[in-house]
Structures are given as structure tokens and as C-alpha cells.
Amino acid sequence: MLNPKPTLHHPSRVRALPGLRIERWLRRAVYLSVLLLTVSGLAWVGAHYFLRPVGAFGETVVSPLEPWSMKLHGGAAMLLLFFVGSILQVHIRRAIRTGRNRVSGWSMIGLLGVLVVSGYGLYYVAGETSRPLWSLIHWVVGGVLTPLLVAHVLIGRRSRG
């Protein structure tokens, strides 16, 4: 824990800086957002590749689950970006200063950055020829994010004890 600056105030009013642990409601919001992203992403992949019904003329058509899973995925992504911005000021800055859990923390930040760029690319940039590459990057990085978050939390819990 960081030592507070010396002060002339009464000792009972001197407070040490709080730890790196995120408030319970914010932790739960991040976990819920990541869960929604993971489930909706997997639902889209399943609907897109395995649940496409055959149309009247023998061609496959878009599954009704596909657009709904994509809408949920986009909404959950916006929520996660909001909550990550909320933890930036306290948790991330303080963790950088203390030097704790740096590898998994910077990995989380890097993966989130790649997901934001690849998600933006899929929505606004990708054409028919580049879409498979954008998708592959997004799926691979997205598949690593959830286990990395679990590892980051477990490493953090071990290092604070």
C-alpha cells in the first residue's frame, strides 16, 4: 500500500490510499458486460455458421438469432467501454503506479484496444474481401479476453495477500 503524504492534520484524519480493488458494483458490471459479450458473440457465430435455415429456393438465409445477437453484442460492447473508462481513473492509474499485475493488466488493455479497432473495422471498414480477416482477428482476440480477465483477477487476488 502506498504511504500517504505527511500532514499537519490530526492523525485520525489521515487516510491511506485505498487498494487496487474495484468497487463491487463496478466489478460486477464489468463481469456482466464481458459475459454478455462472450455469450452474444458465441451466439452470433453459432447462428451465422450452424443455424442458417434453408430458404424456399434451396439457399441458406440469415438466422433470426443473428441480428439479435449482434445488437446485444454491440450494446454490451458500449457498456464495457463505459465501465472500462470508469476504472481507468482509479484502478488502472493506481496499478501502473504500484507496478502490480502489469503483464496481465497491459495485456487486457491491449486486447481491448484490438477488439475496439476490429469491431469498428467489421462495422464500418470491412468489405466482402477483407471481412474474413477482420472477423478472424476479432474472434481470436475476443476468445482470449474472457480467460485473460479471469487470470488477471486471480493474479491480482494472489498479489494483494
Side-chain angles (χ1 to χ4, degrees), residues 19-96 100-161:
L20 298 176
R21 191 165 183 163
I22 300 169
E23 292 182 49
R24 181 182 302 155
W25 73 269
L26 187 52
R27 254 192 343 267
R28 288 180 176 172
V30 169
Y31 298 160
L32 179 62
S33 300
V34 170
L35 178 66
L36 285 172
L37 281 165
T38 303
V39 169
S40 61
L42 290 172
W44 183 87
V45 168
H48 186 75
Y49 289 104
F50 304 110
L51 298 177
R52 287 194 156 207
V54 177
F57 300 104
E59 81 286 357
T60 58
V61 295
V62 174
S63 165
L65 179 60
E66 233 177 295
W68 286 106
S69 60
M70 186 58 57
K71 291 172 186 174
L72 178 61
H73 196 71
M78 290 179 206
L79 282 174
L80 183 63
L81 286 173
F82 175 79
F83 294 129
V84 168
S86 298
I87 65 172
L88 179 64
Q89 185 64 23
V90 177
H91 177 73
I92 295 173
R93 287 183 59 191
R94 194 169 288 142
I96 290 170
R100 284 180 40 201
N101 214 352
R102 279 191 178 166
V103 173
S104 64
W106 281 113
S107 298
M108 291 283 300
I109 292 170
L111 285 181
L112 286 169
V114 172
L115 284 170
V116 168
V117 169
S118 61
Y120 179 88
L122 280 166
Y123 201 80
Y124 294 108
V125 177
E128 290 308 309
T129 56
S130 65
R131 182 167 301 282
L133 178 60
W134 285 98
S135 292
L136 179 64
I137 291 167
H138 198 72
W139 296 344
V140 169
V141 174
V144 173
L145 181 71
T146 302
L148 180 61
L149 175 62
V150 171
H152 181 70
V153 170
L154 293 175
I155 292 167
R157 286 182 181 171
R158 252 188 279 136
S159 71
R160 78 172 177 211

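Here the straight-line distance linking atom CD1 of Ile92 with atom CH2 of Trp106 works out to 8.5 Å at 0.5 Å rounding. Rounding to the nearest 0.5 angstrom, the gap separating the OH atom in Tyr31 from the CG atom in Leu35 is 12.5 Å. One finds the CG atom of Leu149 at 4.5 Å from the CE atom of Met108 (value rounded to the nearest 0.5 Å). Atom CE of residue Met70 and atom CG of residue Leu122 lie 8.0 Å apart, to the nearest 0.5 angstrom. Interatomic distance, NE2 of His152 versus CZ of Arg157, reported as 11.0 Å (0.5 Å rounding). Ile155 contributes atom CD1, which lies 4.5 Å from atom OG of Ser104 (distance to the nearest 0.5 angstrom).
A side-chain donor-acceptor contact under 3.5 Å links Arg102 to the backbone of Ile96. Not a single donor-acceptor pair under 3.5 Å links the side chain of Thr146 to the backbone N or O of Gly142. With Thr38 contributing its side chain and Val34 its backbone, the two residues share a donor-acceptor pair below 3.5 Å.
Nearest heavy-atom pair, Ile137 versus Ser118, reported as atom, atom and distance to 0.1 Å: CG2-CB, 4.2 Å. The shortest heavy-atom contact between Pro67 and Ser63 is CD-O, 3.2 Å. His73 approaches Gly41 most closely through the heavy-atom pair ND1-N, 3.4 Å. Heavy-atom minimum distance, Trp134 versus Val117: CZ3-O, 3.6 Å. When all heavy atoms of Ser130 and Ala126 are compared, the pair lying nearest together is OG-CA, 3.5 Å.
In Arg28, the CZ atom is not crowded: 12 or fewer heavy atoms of neighbouring residues, nucleotides or ligands sit closer than 6.0 Å.
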Derivation and outcome, side chain to side chain contact (heavy atoms under 4.5 Å, CB included), residues Leu80 and Leu112
CA-CA 10 Å; Leu80 183 63; Leu112 286 169; 3.8 Å; yes
Is there a side chain to side chain contact (heavy atoms under 4.5 Å, CB included) between Ile22 and Val30 once you walk through the steps?
CA-CA 10 Å; Ile22 300 169; Val30 169; 5.8 Å; no
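Within the 4.5 Å cutoff, the side chain of Ser86 has heavy atoms near those of the Leu26 side chain. Looking at heavy atoms from C-beta onward, Phe82 lies out of side-chain contact with Met78 at the 4.5 angstrom threshold. With contacts defined as side-chain heavy-atom distances shorter than 4.5 Å, the pair Leu32/Leu36 qualifies.
Ser33 meets the side chain to side chain donor-acceptor pair (under 3.5 Å) test with no other residue; sequence neighbours excluded.
The aromatic rings of Trp44 and His48 sit parallel to each other, their planes meeting at less than 30°, with 60° as the upper class boundary.
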